[in-house]
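Each ligand, and each atom within it, is numbered from 1 in the order the structure gives.
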Amino acid sequence: MNKNKKKNVQLIIDNNLCCGCGACEGMCPTKAIIIDITKSYRPVINETSCTKCGICYQICPGKGWPALSWARSLVDRNTYWDDNYGPAYDCFLGKSADDNIHLQAASGGIATSLVILHPRSGWPQVAP
Ligand code: SF4
Ligand code: SF4
């Protein structure tokens, strides 16, 4: 057995950790990974073409980077882990109070309204 063989993302897929980002397909040097989005966002690995270089596994976001400790150190030390959303500080529900934004947005327009309200956004340009 070749001692240099490394893991590929099949381990991620088998453990239901793939989010279908496509990074592995783009990075594989032997084109052994195919994502056929007409069927699924899950990668399919051609094990015959795979050299077990390990690149796909190395760059895969699904293998579990230390999201919570990262968020606690960079965002807020009170960040907690939510099984549905990952690292979370708090949870809110809302929609834009501006009907023009709300009715054109896919998710209630809250993100657009927050950008507009943010004092440093500089947008939209409004007449004094
Ligand atoms: S890089 Fe990981 S999460 Fe992204 S498609 Fe490949 S296996 Fe899935
Ligand atoms: S281990 Fe290397 S060759 Fe095999 S699928 Fe991943 S990136 Fe491609």
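The cluster map of Ile, Leu, Val, Met, Phe, Trp and Tyr, joined by side-chain heavy atoms under 4.5 Å apart, puts L11 and V9 in the same cluster. Note: the hydrophobic cluster containing Y89 does not contain Y80 (ILVMFWY, side chain heavy atoms under 4.5 Å, direct or indirect links).
Here the side chain of K63 pairs a donor or acceptor atom with the backbone of Y57 at under 3.5 angstrom. Put simply, the side chain of R77 never gets that close to the backbone of R72: no donor and acceptor are under 3.5 Å apart. The closest donor-acceptor contact from the side chain of T30 to the backbone of S49 lies under 3.5 Å.
Side-chain heavy-atom separations under 4.5 angstrom define the hydrophobic clusters, and the remaining members of the one that includes Y41 are I35, I37. Here I34 is tied to no hydrophobic group at all, with no ILVMFWY side chain closer than 4.5 Å.
For K95, the NZ atom is densely surrounded, since the number of other residues' heavy atoms within 6.0 Å is greater than 12.
For T38 and D36, the side-chain atoms include at least one donor-acceptor pair closer than 3.5 Å.
Within the protein, the N, O or S atoms lying under 2.8 Å from atom 4 (Fe) of ligand 2 are C50 SG. Listed by chain and number, the protein N, O or S atoms at a distance under 2.8 Å from atom 8 (Fe) of ligand 1 are C18 SG.
Atoms of ligand 2 found under 4.0 Å from any heavy atom of P29, numbered from 1 in the order shown, are 7 (S).
Put simply, the side chain of P43 reaches to within 4.5 Å of the side chain of C24, judged on heavy atoms.
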